[in-house]
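Following: one structure in structure tokens, then a few remarks.
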Amino acid sequence: MGYNDRGGNSRGGGGGFRSTGPREMHKATCSDCKQETEVPFKPSGDRPVYCRECFQKHRPARY
């Protein structure tokens with residue numbers, strides 16, 4: 001395993017983010033406001049999906 005010049009493991013690179021270009025977006029309906037939105041994952045239907053604005057309201061507080 002190699003280490004990069006910042007002292008971290010160079011395997012995998014990118015800090016966990018894929019750099020394969022634009023993300024594939026999937027259409028979904030916001031569970032709160034019922035507006036159509038796009039999300040970077042395929043909704044499975046067993047969890048609520050929120051648009052950007054409603055997601056901010058449901059986000060846990062950061063300390």
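Starting from 1, each residue takes its place in the sequence as its number.
Checked against side chain to side chain contact (heavy atoms under 4.5 Å, CB included), Arg52 has no partners two or more places apart in sequence or in another chain.
Closest non-hydrogen pair, Cys30 versus Tyr50, comes out as SG-CA, 3.8 Å.
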Which pairs would a plain distance check flag for residues 35-44, meaning a side-chain donor or acceptor within less than 3.5 Å of a matching protein atom at least two apart in sequence or in another chain?
| from | atom 1 | to | atom 2 | distance (Å) |
| --- | --- | --- | --- | --- |
| Glu38 | OE2 | Lys27 | NZ | 3.3 |
| Ser44 | OG | Asp46 | OD1 | 2.2 |

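The NZ atom of Lys57 lies 7.0 Å from the SG atom of Cys33; values are rounded to the nearest 0.5 Å.
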